2 protein chains.
Amino acid sequence: MEPNTAYHALLKNLGLKVTPKRLALLSVLEEEHRYLSPEEVWKKLRRSFKSLGLPTVYRNMEELECHGVISKVLHSNRKLYYYFCPKTGHHHHFVCMECRIVEDLSVCAVREMEKEIKRQVNGTVTSHILQVNGLCGNCAEKL
Amino acid sequence: MEPNTAYHALLKNLGLKVTPKRLALLSVLEEEHRYLSPEEVWKKLRRSFKSLGLPTVYRNMEELECHGVISKVLHSNRKLYYYFCPKTGHHHHFVCMECRIVEDLSVCAVREMEKEIKRQVNGTVTSHILQVNGLCGNCAEKL
DNA sequence: TCATAAATAGAAATGATTTCTATTTATACC
DNA sequence: GGTATAAATAGAAATCATTTCTATTTATGA
Ligand SMILES: [Mn+2]
Ligand SMILES: [Mn+2]
Ligand SMILES: [Zn+2]
Ligand SMILES: [Zn+2]
């Protein structure tokens, strides 16, 4: 029941080979309650692996993201960050622009919930991003 | 009462010099009901200006954004897009991933509003991004 | 053990964005 | 209408996060 066993199963289920580096990457991500850039993860992992390519970290994080294991954080600096959230079910995140900590939110609406959010995180809400993506009527028709 | 007069005043009020390129840039942005990359705007503007540097377009769009005249669109491809929305007041946008059209939304909550949004845009909602930014308790205290 | 496809390292390329510097331009004032 | 001045700009170059490439290594299942 050590975490490694869980990661092992996780990778297996995704049809990915269970490599020491992948296990370590998952471990690093789960320990951090913050979103990290691939380079930051790479720096942490290099302590344990004498040889480790940065592209490997990029590739693995992208892979895990596309399988829904970790999620991208949209940052206004347009750099790549990922966060591993163990909580399941639809929810949103409060992300600190300063220390990059991530906290789960139980609310989904925003404007009318700002007070509630402030109480929950005991911090300051400076802004929020709400963008709805999809296909407009025209494009949905064509495709 | 031509648009140029309005842009002229707009730039003046921001303390920016009224250059032909800035006026043309604003014009291009207002005509499009879609979000555009600086390079796309540059290509459009080059029709009217024999010499026009791409950095000039980047600089001006950034300037306008920081003054709140246009807004950045967070795209999952992490490229830079801007959109000029004439509507005032707090509201959100529906952005098409295919043709990049932008439509104003009158709703602010999401999950419980998806049906309503679908009706409004007459298209398909594939995902939404809701991220709350701020400073966590610790960081808010320190700063 | 072995064959095989997947994963990886390390070097190199990419390309959007930014920086730099000399030149041009808008503007305020006369 | 000139003129001084700071702001804006062009064009070239640099940056640098991210991606691509290729030869080598590794995990896996038979
Ligand atoms: Mn979460
Ligand atoms: Mn709008
Ligand atoms: Zn913080
Ligand atoms: Zn569309």
Side-chain angles (χ1 to χ4, degrees), chain A residues 4-5 7-26 28 35-67 69-70 72-82 100, chain B residues 4-5 7-26 28 35-67 69-70 72-82 100:
Chain A
N4 270 8
T5 308
Y7 298 149
H8 201 284
L10 175 63
L11 293 171
K12 273 284 181 214
N13 290 340
L14 297 176
L16 299 173
K17 286 189 175 177
V18 181
T19 68
K21 284 160 187 179
R22 277 187 175 143
L23 292 172
L25 189 152
L26 281 167
V28 160
Y35 50 97
L36 297 175
S37 67
E39 186 170 11
E40 287 166 333
V41 172
W42 177 62
K43 281 177 180 162
K44 283 176 186 289
L45 288 174
R46 279 213 297 183
R47 296 175 197 155
S48 321
F49 300 92
K50 57 194 174 308
S51 84
L52 173 65
L54 183 52
T56 296
V57 177
Y58 270 92
R59 196 180 338 102
N60 278 311
M61 294 183 86
E62 185 185 21
E63 185 92 88
L64 290 171
E65 195 266 343
C66 105
H67 283 95
V69 177
I70 63 180
K72 265 186 198 170
V73 169
L74 283 179
H75 201 284
S76 52
N77 68 11
R78 277 170 297 123
K79 283 185 188 147
L80 196 51
Y81 298 104
Y82 292 102
R100 306 224 228 110
Chain B
N4 270 8
T5 308
Y7 299 149
H8 200 285
L10 175 63
L11 293 172
K12 272 285 182 212
N13 290 339
L14 298 176
L16 299 173
K17 286 189 175 177
V18 181
T19 67
K21 284 160 188 180
R22 276 185 175 146
L23 292 172
L25 189 152
L26 281 167
V28 160
Y35 50 96
L36 298 175
S37 68
E39 187 170 11
E40 288 166 334
V41 172
W42 178 60
K43 281 175 180 162
K44 283 176 187 290
L45 288 175
R46 279 213 297 182
R47 296 176 197 155
S48 320
F49 299 93
K50 56 194 174 309
S51 84
L52 173 65
L54 183 51
T56 296
V57 177
Y58 270 93
R59 195 178 342 100
N60 277 311
M61 293 182 88
E62 185 185 21
E63 186 92 87
L64 290 171
E65 196 268 342
C66 105
H67 283 93
V69 178
I70 63 180
K72 265 187 197 171
V73 169
L74 284 180
H75 201 283
S76 52
N77 69 10
R78 276 172 295 122
K79 284 187 187 143
L80 194 53
Y81 298 104
Y82 292 102
R100 309 225 224 108

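Any value given below was found using the heavy atoms of this structure, including those in side chains, with hydrogens, waters and symmetry copies removed. We name chains A, B, ... by the order of the sequence lines, and we start the count at 1 in each one. The model shown is predicted, which means the values in this text are computed figures rather than measured ones.
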Requested in this report: Starting from C1' on D:dC16, measure out to CG on B:Leu80 and report it in whole angstrom.
Outcome: 16 Å

Query raised in the report: Do B:Val57 and B:Met61 have side-chain heavy atoms sitting under 4.5 Å apart?
Result: yes

Query raised in the report: Checking all strands, does A:Lys12 fall into the base, sugar-phosphate, or nothing category for heavy-atom contacts under 4.0 angstrom?
Result: sugar-phosphate

Query raised in the report: Does a side-chain heavy-atom distance below 4.5 Å link B:Leu23 with B:Leu11?
Result: yes

Query raised in the report: Tell me, for nucleotides 2-9 of chain D in 5' to 3' order, what letter each nucleotide earns: B for a base near a protein heavy atom under 4.0 Å, S for only sugar-phosphate near one, - for neither?
Result: ----BBSB

Query raised in the report: CD of B:Glu39 versus P of C:dG15: gap in Å, rounded?
Result: 11 Å

Which pairs of donor and acceptor atoms, one on a side chain in residues 37-52 of chain B, lie under 3.5 Å apart (sequence neighbours left out)?
{"unit_1": "B:Ser37", "atom_1": "OG", "unit_2": "B:Glu40", "atom_2": "N", "d": "3.1"}
{"unit_1": "B:Ser37", "atom_1": "OG", "unit_2": "B:Glu40", "atom_2": "OE1", "d": "3.3"}
{"unit_1": "B:Glu40", "atom_1": "OE1", "unit_2": "B:Ser37", "atom_2": "N", "d": "2.8"}
{"unit_1": "B:Glu40", "atom_1": "OE1", "unit_2": "B:Arg100", "atom_2": "NH1", "d": "2.9"}
{"unit_1": "B:Glu40", "atom_1": "OE2", "unit_2": "B:Arg100", "atom_2": "NH1", "d": "3.3"}
{"unit_1": "B:Glu40", "atom_1": "OE2", "unit_2": "B:Arg100", "atom_2": "NH2", "d": "2.5"}
{"unit_1": "B:Trp42", "atom_1": "NE1", "unit_2": "B:Leu52", "atom_2": "O", "d": "2.8"}
{"unit_1": "B:Lys44", "atom_1": "NZ", "unit_2": "B:Glu32", "atom_2": "OE2", "d": "3.1"}

Requested in this report: With sequence neighbours left out, write down each residue that passes side-chain contact (heavy atoms from CB on, under 4.5 Å) with A:Asn13, or none if nothing qualifies.
Outcome: none

Requested in this report: Specify whether A:Tyr81 and A:Tyr35 have parallel, tilted or perpendicular ring planes, treating 30° as the upper limit for parallel and 60° as the lower limit for perpendicular.
Outcome: perpendicular

Report summary line: Separation of D:dT18 atom P from A:Leu54 atom CG, nearest Å, is 9 Å

Query raised in the report: With sequence neighbours excluded, what pairs up with B:Tyr58 under the ring pair (Phe, Tyr, Trp, His ring centres under 6.0 Å) test?
Result: none

**Report entry** Short side-chain N/O contact to D:dT19 OP1/OP2 from A:Tyr58, under 4.0 Å
**Finding:** no

Requested in this report: Using whole Å, report how far CG of B:Leu23 lies from C1' of C:dA26.
Outcome: 12 Å

**Report entry** For atom CH2 of B:Trp42 and atom C1' of D:dG11, their distance in whole Å
**Finding:** 11 Å

Requested in this report: Can you sort out the partners of A:Glu65 under side-chain contact (heavy atoms from CB on, under 4.5 Å), two or more places apart, ordered by chain and number?
Outcome: A:Ile70, A:Lys72, A:Tyr82

Query - Partner set under side chain to side chain donor-acceptor pair (under 3.5 Å) for A:Thr19, not counting sequence neighbours - result: none

Query raised in the report: A:Lys21: what forms a salt bridge (Lys or Arg N to Asp or Glu O under 4.0 Å) with it, not counting sequence neighbours?
Result: none

Query - Nucleotide C:dT18, atom P - distance to CG of A:Asn77 in whole Å - result: 11 Å

Report summary line: With five pairs defining each end axis, the helix from C:dT1-D:dA30 to C:dC30-D:dG1 comes out bent, to 10°, by 40°

Report task. Let me know the distance between CZ of A:Phe49 and P of D:dT25, rounded to the nearest Å. Result -> 18 Å

Report task. Send over the distance from A:Leu11 CG to D:dT26 P, rounded to a whole Å. Result -> 18 Å

